[in-house]
Amino acid sequence: MVNALSNEVPADNDYEVIIVGAGPVGLTLANLLGIHGVRVLVLEKELAVPDMPRAVSLDDESLRIWQQCGLIDAIMPFVAQGAEGDEVFTYRNRSGRAIFCLTQHGRPYGYARGNVFLYHRALEVLNSGIDRFAAVTVRYGWNVQSFLQLPDAVMLVARDRNGSLCELKTAYLVGCDGGRSVIRTGLQIAMLGSAYAESWLIADTRDSTLAGQPPREGVEVWCDARCPTASIPLPDGYRRWEFLLRHGQDPAACLDDACLMRLISQRKPQKDIKVLRRLVHTYKGSVAEHYRRERVFLAGDAAHLSPPFAGQGLATGLRDAANLSWKLTHVLSGKAPSELLDSYEEERRPHQVKMLRLARRMGMMMMPRMRLQEILVSCGLAIAGKFSWLRRWMEIRGENITPVYEGGKQKTKTGHFLIQPPVGNNGLLDDLLGMNYTIITFDRPAQELLNEEDYAEWQRCGTMFLCLRPGGNTSEAYQAFDRWLGGCQGRLLVVRPDRFVHEDRLLTGKKQWSSKRENERCAP
Ligand SMILES: Cc1cc2nc3c(=O)[nH]c(=O)nc-3n(C[C@H](O)[C@H](O)[C@H](O)COP(=O)(O)OP(=O)(O)OC[C@H]3O[C@@H](n4cnc5c(N)ncnc54)[C@H](O)[C@@H]3O)c2cc1C
C-alpha cells in the first residue's frame, strides 16, 4: 500500500477491528461485533448518507441477519413483506399484458423470501443501533488514505473531518468501502468481471397520498426491447423506477422531471407523484480475486459488484458481514485459532460467483436489447407461466440462492442454513439462540446425548443448548425440524453463530461424541 504513515501523526488507541465505510455492510458488521463487545472503530468519509438511489430489494436471509443485530423491530416498519399467495412479481409484454407472475410462497427462514425496503431509513436504524455499544465508535467525515500491515497489527492513516492526518492501530481491518474501495486498491487485489455496456436511468418517486401505507402492488417488469422498464413499489408511497437507456440516448437529457414523467406515464400513469432522487448508473458484475490478505479483509461492494437483477447485491454483502463477524470474534477472544479466518474467503467467494452468474442470467430476461430477444423471452415466460409446478419451483427458489457451505454433505444438513420456524407467541427460533454456537436436540437434552467430557467442553466454549419438544411452546418448531430433517429423533445439530449447521449428527446410542473441526474448537 502507498505508505502515507509518518512519524508526525500520533497513533490513536488500539482497536480490535477498524471498519472502513459506514454503508449497510459496514454498519451491520459493526453492530454484530458490538454485540460481542469487540472494540470497533468505523470510519466514514461522508458526513451524511448521500441522498441517491440505492438497494430496494432484500431477501429473508438479510432480515434474519438484522434480527441477529437486535434491530429487526426497528427496521420492519420500513420493510414490505409479501403475504402468502400475494403476487410479488409480474412480467409484462410491451403492450402491458401480464405474461408471467410469481407469488410469495413460504417463509423457511422466518421472513418472506423477497422483500422491498427503504434503504435510507434502514441505514438510520443501523447507525443508531451502534449507540447501544460503548466499545463501538463511528466517525463521519474521516477519509481513509492508506494502511500498512505489520506482523501483529495494521496501521492506518485517515484524514479527519478537519483535514488533519491521524494514525490508527488495529488488530484487523475490514474494507467495507464500496465499489471503489481504497482498501482493495491498497491490497492490489483485482476485480474480475466487467461493466454492462448500457446504463439505467433510475428514479425514486413518492406519492404522498400513500404515506404510511404498505405497497399495494408487486414488482413489475416490462419486457420491451425499446425500453426495458422496472417498477418497484415501496412502503410509504415510494416507488423505484428503472429504465434502460439505449445507445445514443443522452443520459443528462433524461434526468429532468419532464423526461422522467413521460417515461413513467408511458408505463403507468401516476397522479400526485414527485421525483425525489435520480441517477444514471451503469451496473457492473465483478468479484475480487481475493477477499483477504493477512489482517485485512474485504466485504460487501468492496469485494463484489452485482447488477440488481437477482436482488442479491446487498444481500451478499450482509452475508459477508454475518460470516466474518463471528469468526473475528472467536479469533479475537482466543476461542479459535486464526486459521478460522481462512474460511471467510473459502465460503463467501464461490457463492458470490454463483450469485453473479444468476444475476447475469436474469438480466438477459429483464433487459432484452433486440426485438428477437424480447419475443423469445416473452414466449418462453408465457409458456413457463402455464405450468403451475414450474412457477412454484421458481417461487420456492429452485435456483438455490441460499449458500450451502462445506459442499453440503449428502443426506445431512451439515453446511446448510438453519430453518427458522416460529416459536411461542409470535417469536422466531433465533430468539431462543444466542450469539455463540448452539446445540439443538430433539426431545432429549444434549446432556443425555453427549458424553460428559464433550458436554463440558461445549459448555466451556459458551455454547447454548436448546432441546425442542413435540409439545408445548416449541411444538411448531419441532414439527418443522422433523419435516426439514426427514425425522428429527436422535438428531443433534451444532449450529454456528451465523446460523449455518456446522454438524448434523444422528446419534443412535447413549452418550456419543460429537466432533468439531479442529480449527473451530475452543482454545484449550
Ligand atoms: C442504483 C442502485 C440500485 C441498487 N439496487 C439494489 C437492489 O435492489 N438490491 C440489492 O441487493 N442491491 C442493490 N444495489 C446494490 C447495493 O446498494 C449495494 O450492494 C450496497 O449498498 C453495498 O453496501 P456496502 O456497504 O458494501 O457499500 P456502500 O453502500 O457503497 O458503502 C461504502 C461506504 O464506504 C465509504 N467510503 C468509501 N471510501 C472510503 C474511505 N476512503 N474512507 C472512509 N469511508 C469510505 C463510502 O462513503 C460509503 O458510505 C443497488 C445499487 C445501486 C447503485
Side-chain angles (χ1 to χ4, degrees), residues 1-2 4 18-30 41-59 61-63 114-120 122-123 126-127 138-147 156-161 166 168 173-186 199-204 219 230 232 234 240-243 277-286 288 297-321 324 352 355-356 358-359 362 366 401:
M1 172 94 208
V2 189
I18 291 185
I19 297 169
V20 184
V25 175
L27 288 176
T28 300
L29 180 62
L41 175 64
V42 185
L43 298 174
E44 167 56 53
K45 69 176 179 183
E46 302 293 340
L47 289 170
V49 180
D51 198 21
M52 293 304 263
R54 282 290 180 270
V56 285
S57 60
L58 200 66
D59 68 8
E61 287 177 63
S62 307
L63 290 176
N115 308 285
V116 289
F117 80 119
L118 299 179
Y119 172 96
H120 294 81
L123 217 59
L126 290 171
N127 193 32
V138 187
R139 291 189 192 153
Y140 285 92
W142 282 59
N143 196 335
V144 172
Q145 308 286 304
S146 60
F147 64 89
L156 188 80
V157 171
R159 208 169 272 289
D160 72 12
R161 52 196 304 172
C166 302
L168 304 129
L173 175 66
V174 189
C176 299
D177 50 341
R180 297 199 180 110
S181 168
V182 293
I183 304 301
R184 190 186 63 237
T185 311
S199 301
W200 287 82
L201 173 61
I202 299 164
D204 287 345
V219 174
I232 304 150
L234 304 168
R240 164 69 50 85
W241 288 97
E242 304 201 354
F243 304 95
R277 306 182 188 107
R278 61 201 82 203
L279 174 74
V280 171
H281 188 72
T282 308
Y283 290 115
K284 294 194 178 91
S286 48
F297 297 82
L298 300 174
D301 276 15
H304 42 76
L305 288 166
S306 178
F309 310 123
Q312 284 290 306
L314 175 58
T316 46
L318 297 180
R319 285 192 198 104
D320 295 344
L324 186 56
Q352 175 54 28
M355 288 302 97
L356 188 53
L358 172 67
M362 292 187 69
M366 288 174 75
I401 283 176

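Counting starts at 1 for both ligands and their atoms, in listed order. What you see is a predicted model, and the numbers here were worked out from it, not measured in a lab. Residues take their numbers from the sequence shown, with the count starting at 1.
- Under the 4.0 angstrom criterion for non-hydrogen atoms, Tyr119 is in contact with ligand 1.
- At a 4.0 Å heavy-atom cut-off, ligand 1 touches Glu44 through backbone and side chain alike.
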Start with the C-alpha gap between Thr316 and Gln352, add the side-chain angles, then the distance that decides, and say whether side chain to side chain donor-acceptor pair (under 3.5 Å) holds. CA-CA 7 Å; Thr316 46; Gln352 175 54 28; 3.2 Å; yes
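- The shortest N/O to N/O separation between Tyr283 and ligand 1 does not fall below 3.5 Å.
- For Val182, every heavy-atom contact with ligand 1 shorter than 4.0 Å involves the side chain, none the backbone.
- Taking any N or O of Gly313, backbone or side chain, at least one lies under 3.5 Å from an N or O belonging to ligand 1.
- Annotation: the span from Ile183 atom CD1 to Phe297 atom CZ amounts to 13.0 Å, rounded to 0.5 Å.
- Only side-chain heavy atoms of Arg240 come within less than 4.0 Å of ligand 1; its backbone N, CA, C and O stay farther off.
- A donor-acceptor contact closer than 3.5 angstrom links the side chains of Asn127 and Tyr140.
- Of all the heavy atoms of Val20, the ones lying under 4.0 Å from any atom of ligand 1 belong exclusively to the side chain.
- A salt bridge links Glu61 with Arg319: the closest approach of a Lys/Arg side-chain nitrogen to an acidic carboxylate oxygen falls below 4.0 angstrom.
- Partners of Asn143 under the side chain to side chain donor-acceptor pair (under 3.5 Å) rule, at least two apart in sequence or in another chain, do not exist in this structure.
- Of all the heavy atoms of Ile202, the ones lying under 4.0 Å from any atom of ligand 1 belong exclusively to the side chain.
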